[in-house]
Each structure stands twice: as C-alpha cells, then as structure tokens.
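Here is the structure we will look at, set down as structure tokens.
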Amino acid sequence: MTQPRRYDPATSEPHWQRAWQEAGVFTARRDPDREKYYVLEMFPYPSGRIHMGHVRNYTMGDVVARTKMAQGYAVLHPMGWDAFGMPAENAAMDEGGHPKDWTYRNIADMRDQMTPLGLSIDWSREFATCDPEYYGQQQAMFLDFLEAGLVYRRNATVNWDPVDMTVLANEQVEDGKGWRSGAPVERRELTQWFFRISDYSEELLEALDGLENWPEKVRTMQRNWIGRSRGLQFAFATAGAPEGFEALEVFSTRPDTLLGATFAAISADHPLAKHLERHDAEVADFVAECRRMGTSEEALETAEKTGLDTGIKVRHPFDAALELPVYIANFILLDYGTGAIFGVPAHDQRDLDFARKYELDVIEVFEPKDAPLGVHDTAYVPPKTEPVRYVRPLAGGEIQTGEAAIEAAIATCERNGVGQGVTQYRLRDWGISRQRYWGCPIPVVHCETCGVVPERKENLPIRLPEDVSFDQPGNPLDRHPGWARCACPQCGAEARRETDTMDTFVDSSWYFARFTAPRADTPTDPDAAEYWMNVDQYIGGIEHAILHLLYSRFFARAMHRTGHLPAKAIEPFDALFTQGMVTHEVTFTRDERGRPVYHLPEEVAGGKLKATGETVETIAQAKMSKSKKNVVDPVTIIGQYGADTARWFILSDSPPERDVEWTAAGAEAAHKHLARVWRLAAEAADSADPASDADTALEKAAHRAIHDVTRGIEGFAFNKSVAALYGLTNTVAKSEAGGDAKCAAMRAMAQLMAPMVPHLAEDVWALCGGDGLVAEARWPVADPALLVEDEITLPVQINGKRRSEIRVARDLPQPEIEKAALADEAVQRALGGAAPRKLIVVPGRIVNVVV
RNA sequence: GCCCAGGUGGCGGAACUGGUAGACGCGCUAGCUUCAGGUGCUAGUGACCGCAUGGUCGUGGAGGUUCGAGUCCUCUCCUGGGCACCA
C-alpha cells in the first residue's frame, strides 16, 4: 500500500477491515491444541440505532477479545440480537407495518452501523432470537423443562387496562394509569405459566460464593434478591372469622417480638380477604382500592399504608386473653411468607406508621442496653447483631442480640407447639406468560378431553402467524381466526393452542449457549458446548445485575438437568464485568410555566441559545435519551473522526465500571492524540538517526508500558492502559534515541494500542516495519530486567507531613536509610539537635520522623 | 419505601495491601513556530499567604482510630442503578 502522508482514518479503517476479513482472523475455530477464551457482550435489542453505550460495551469486549487472541487463545467473540419484545409491537401500533419487518430492518441497520467500528466479531455465528430456528429450539427446551417438572401453571396478578382491554407492563403504568388509555389500571388474575426457579433458591444463593470473578455488588444484590430468611411460622386461632378460617397462618422473621404484637394484617389477595369481599361491601370496596395499585413492589411500598379492620380477632398464642384485630392492609404481599403478618409497631417502621394511623397500641419488646426507650414516631430497629435489653422477652436472656433472641424464640415456640422455624425465600417463581404477539409461542395445546397437552417436538417450531393486525386492542394471537386451532397431539380431536408467548428474558437466558453451535438442530451441540463453555468474560450493564443474570443461572441449571449443557456450565459466566453508562450534557431553557425545553448541542454556543441569545441551563451528566436531546450518535462521530477516535475516547477517561461523560472536547482531544501517534510513527520510520545512549532509556520506557498496559487490560482498567500509552507517546516524542530504537518503540506502541484502536495500530505497525498484521502478532511480554529502577525517591515526613525527599539506592539497608533521612536538611531543622521520638521506615515507600 | 453503588482541582479522572493526594487527559495562561482549513511545539497550572526559601488549608459534611487516612470505623447529606410484564 502506498503510504498516505497523514493520519487518514476514512481511508485506512475500511482498508484494514478488509484485510482482517480476507485473513479470516476473527473466525472462531475449535483447536484442541489451544486454550479457548469466550468473550461475550450482552447482546443488543435491535432498536434501529446503535448508541454510545453499545460502542462502550463492544469496545471493551473487543479489547479483551483482541488481547486474548494476541496471547494465543482460540477466541469466540459472537454477536446476535435480543429481538423479541414490546417496542416492535408498539411500532406496529403507532406506525403500522409488521413487528417482524420492523425488527429485521432494524437489525440490518444496526449491523451496518456496527461494521465501521472494526470489532473482532465472528459474524458467521449471528442469530436473532426471533428467528424460528432459535425460538423453535427454545420451545423444544420448554417441553423438556415441562417433562422435568420445572414448569407449571397457576393464577397470578397482572396489570389490566380496562379501556385497551390489555395487559400492561409495569413500565406502561404511569401513576397507576395506562400509558395509552390513561385509564386507572386494575389488578387482574390470569392463569399463567411459571418456571420453578424457587426450587433452586438455596442453590442459586450458595453458588454465589463461588463466583469470585463477579463484582461483589452484583453478588450482594442477588443475595438480597433471593432473600433467605429464617423465621417462625405459626397459626393464630381466630375469633369471629367465617367458617373454614379458624386459623390464620402467619410468618415472621422477628418472632422475638411476638409479645409486642398489637395487630394482625393480611394481603388484599389473601383467601380470607377474598372470602370477606364476597359478603361485605366495605371490604369489597377496600380490596378493589388495593387492586388499583399496580403490581410492582415499588408501587406497593411507596403508597400510603392503609388498612381496613375486618372485625375479626386473633388470640395471642402466649396470652389467650389478648385479642388482636385483623386488618386487610395494602402493603402485605401475598407471595411472600403466608400473606399474613402480625404487626409490632415498636420495632417496625411500617407497622408503627400503620398503628399511629389506626390508633393501635405500641408495646416495646426491647430497648437499648443502657437507656430506656419510648417509641414515638420512629420505630426502634437496631441491627440484629447488637445486644439489647429485652423488657418483654419471649425466650433467652434479658440482654441478648436480636439474632440470639430469634433463635431462642423459635426454639421456645416449637417446644410449646406454637408453630415451627422455617426458612423462607423472597425469590418467587418466574412467571413467563405474556399476552403478546411478538414473543416465542408457548408450545402447548389445550384439549377439552386431555387438558393441557405438550406439543410434539416434530411439530416445532410453532411459528408465529404472519397475518396479524395491531389496529385493535388485545393479543393478536388470541384474535387470529385460525392460528390457535389445531389437533390435540394426544387424541387428535380439535384443540386450541396456547396463545401466551414467553417473557423475553427466556430468550436471553440461553443465547450464550446457542452461540457455541448456532446452527445445530438441537438447542446445543454437546461437543461445541463442552469446548466453548463457559463464557470466560461477560460484559454488560449493571441494570442486568439481578434478573437477566439470575434467570440465566437458573436456566443453565435447568438445561443441564435436561441434558442440554454439561455440568461445568451450570454457572455459565466465569467472570462478569458491569460497565457504567455513557452520559452527556443536557442543555435547556424554560417555558413560561417553568418547564424545561431541551436543546440539541448544536443549537447552543457559549452557554447561550444561538437563535435567541437566551441563557441555557445545563445538567452535567445525564443518561443519553432522545427526549432530552442529548444523544450523541456514534455514526456521526465515526464519520467525523473515524471509529478509532470514538473507541479511544470511550476507553480513555473513566474507569470502565463508572459512568463516562461524552464531551465534544474530549473527542477532539482523542483524535489529536491519535494523529500525533501517527506522526511519531512516520517520523520514526523516516529517521536516519544512528543508535545512541538514549536507546536504552526508550527501550525501558517501552517495557514499562508493556507491563502497565497489560496490567490495565487484565484488570479491566482500560483508562490506566490509555494513560500508560499517553506516557509512552510523550517519552517517544522527547527521546533522542536512534531511528531503529524509535521504530522498535513504536512497534510496541502499535501492539499495545491494537486492542483499543486496531486500525491506527495497523497503520503504525506497517509504517514502522512490523511483519504482517498487528492483529495476528503475538502479544509482547515485558522483560523484568528492564523494569527495575536502580535509584528510588523516598518521601520524608515529619510528624506525618511530607517535608522532604531523599534519593537512595533501591536496595539500601534500613539503617542506611535512617541515617540518610536524619541527615536531611529539613529533618535537621525540625529536630533542632534533639533525637527523634520515633522513626518509621517503610521500605521502598516512606520515612516518617516523629519529633 | 427496600436493596446496591458513587461523591477527589475549572472538568474527566489517578493514588497497589493505611504510606509523596491530584498520574494521564481536557481546559486555561504565557512563549515559540506554521504546507493556521480538526495546527504543532515548549513551559506553567488545587486554594490561600509570601519577593522568596517556605508556610497554612485541602478528597460531600461531622466525629473517631493511627506515627501517618481519599483509603479503616460511626453518624449524616447528595447523586445514580435495580425492585420481578422495559430490554
């Protein structure tokens, strides 16, 4: 290739992309002689446009993938599309057209936008979850799960929009109203399909300890989500309750506070509430009110706590004379515990708020060890590990921790025949039914004589019908004139297909396994799965910390149980990295009512609106969103500066796990730096300077960079790698070394930059005499002999404040260091002839003189 | 409301296991240079006091432990993420 005279990404980036493609460097190949490495970024939803968050995610994955390739691994780095979901249906409703066309068009567009980034992706493995070849295999697994007893049906509540006659997602509920209709949302019960993830609660919890290469915060979040708690379950005897409700089962994690109970409360969905509702108009009204609240836990917890006295009483198990009123309350969850609790206002804030509102007693059970209590508006809830004084102890000593008191209380209750200690989990079974079109059909058939019958595997995939319309409310599959009609797989009589489709989380719970054999005619291929699993490095957003990752962990276990994954893959992601968001400045003015009016960056200059000169307000860091007009389109940036500038900037500033703010100035600076590196390479190539004394220093700097950059990449601190490369650039620029030495340093630079800015790295490599493609060059290893410094600087502190420093040989013995420190002028002055009170020498670090 | 993070110069951030706070970059200032069209190079740049040697203060806030705290402990304020039908 003829050398261009300047850095010209518009020409060189497509050139090198063609060269990689021709050499087939990114095609994953199983190679028994090499160790494999599977890098995976969370696959995107095909919205139609890539955004900077994608660029960040895929660039990070690319850095890992390219580094591992250079280190000699057989790398699998695939890409696909999480293609089912509501936006496609919303688009069909808003703009007409078909979700399928919309989705595949978006996929094509996004692939076109991603290609210029020069990612090391093996595109031959690409698939979309809406491909019948994919979701057909998912249906096959569903049948296997069903047979293994991992799937069942039961009633569950959904958000129901009474005007649109449709089920709403939580995000479609705004302030308790449907987002399209504006009608108040109701809770409604439907029979739905569930995966038995709660059977695995304990295992999913315990296995978290083994996930050492996951962020601790993700493990903590999952631990809390699974929510194992030890408590007491027992039955209150009721008085004045309808027949069949002589006992009320309650669960409490704080049985030690039982003597402070002043009321009992049940969920609005509790069988007792449902019974009462049929005979009591007041209860019916209240329960209906509760059901208008929406189904999310957030909605329940933030709503004002309300209740209704049922008139029913329960007898206190340790004081038969004491009767507690039973309330129906809007903050009790049916799905957790037994859907009924006893309230202890003194030691639970929600219970206290409730008690104050309904003028119930507040009875203190324990108080701080050395102070009397007196609960007013704040419940006393010390950590369970803190010793407190029990003034109304159920069991155990007077002063004990909550933990000890709970265990003592459970033991006492069990001995007295009042219930038993049980372990509860917060984790609920995974409801996968969706009353929507654009999802994977659940492959079962409803037959009048045989009941619910699994579809035969040879009939899979059960394809979505193409002739559907979205101009009417409700589920198009339900409305479709012929699709649901079928023959019962068991008796052959006419039957009806299930019209629910699967939650899209199901699609994303096994795609990583499918990538190991994307065209197999079974869900997975045993040999491929054995070779490629597990994912060595998984990278994605922190917003998936709980659901997606927990579901995938469950799915991998279920797949193993049904023979689709080897035992080693039950924890499918060996290492996880959660990246931060890409944010950007938001600029806005205000309208006459004080509401913000957002402006595009190009409409603003110098803090003023170009059109009117009005001063704009700014928010420094906000998640990019269309409505705030602060989206930076990667396609624009690539057109302006090239992909490498976008990649370099997105890696350079912030640590990968933190948010990064996109700034125009930063992008500009990134581009200038890349151009500078290119110039230095060209100068080095042209240099006829002979070898000199400076050559060794430059070689040392290069090896220092090899060490630092490698460490940065391996520790997921790409920003530190970038900083080290800036350092090397400055050193080369100032170096008096000869041409050969400079070329050698620049070749090292090319290798170290290759994972981050692969196109520029090829330019530099070619300019400075590198062999072949840098993409195929072996990763450099630092020579330890070139990393050591002979002399070091030791800071000298006087009373903990830095006052001076001394230069000493690296391995100077401690007494010599002490002598050197005490001889220092600043130390002499501080001591004024006296001996130091104390002398602290931390070898290689610091000297502290205490006077 | 509950759970999980994060707060360091004008800005993004660095600081390994408690050991020189501010690496590296942006911006800014000054100077030099120029096939000024995304210039390039050199030097300086936490705040305050001082002519200077130097000193005082400084990692959201308040306390504490330590020879020494951005880092550990207690309390507190603010910002972000998740909360099971958004993906």
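All of these numbers come straight from a predicted model, not from anything done at the bench. Values reported hereafter were calculated over all heavy atoms of this structure, with side chains retained and with hydrogens, waters and symmetry mates removed. Order of the sequence lines fixes the chain letters, A, B, ..., with proteins taken first and strands second; residue numbering starts at 1 for each chain.
Considering only side-chain N and O atoms, A:R803 lies under 4.0 angstrom from the phosphate OP1 or OP2 of B:rU56. At the phosphate of B:rC57, OP1 or OP2 sits under 4.0 Å from a side-chain N or O atom of A:K801. Between A:N730 and B:rG25, a side-chain N or O to OP1/OP2 separation shorter than 4.0 Å is present. An OP1 or OP2 oxygen of B:rA84 is reached within less than 4.0 angstrom by no side-chain nitrogen or oxygen of A:R428. Contact annotation: A:T504 side-chain N/O to B:rA87 OP1/OP2 distance is under 4.0 Å.
The listed nucleotides are B:rA84, B:rG19, B:rA43; the one nearest the side chain of A:L427 is B:rA84. Listed candidates were B:rG25, B:rC83, B:rG81. Nearest to the side chain of A:I542 is B:rG81.
Along RNA chain B, the nucleotide nearest A:G666 and the nucleotide nearest A:L190 are compared for position; the residue whose nucleotide lies closer to the 5' end is A:G666.
With rounding to whole Å, A:R658 atom CZ is found 10 Å from B:rG12 atom P. Rounding to whole angstrom units, CH2 of residue A:W81 and P of B:rA87 are separated by 17 Å.
Considering A:V827, A:V841, A:D824 as possible partners of A:V847, the one that fulfils the side-chain contact (heavy atoms from CB on, under 4.5 Å) test is A:V841.
Of the residues in residues 709-724 of chain A, A:N719, A:K720, A:A723 come within less than 4.0 Å of RNA chain B through at least one heavy atom, sorted by number.
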> Dot-bracket for RNA chain B, 5' to 3', counting Watson-Crick or G-U wobble pairs under 3.5 Å, with [ ] for crossing pairs and | for inter-strand pairs?
Replying inline: (((((((..(((......[....)))((((((.......))))))((((....))))..(((((..]....))))))))))))....
Polar pairs (N or O, both sides) under 3.5 Å between protein and nucleotides 35-39 of chain B?
residue: B:rG38; atom: O6; partner: A:Q640; partner atom: O; Å: 2.9
residue: B:rG38; atom: N1; partner: A:Q640; partner atom: O; Å: 3.4
residue: B:rG38; atom: N2; partner: A:Q640; partner atom: NE2; Å: 3.1

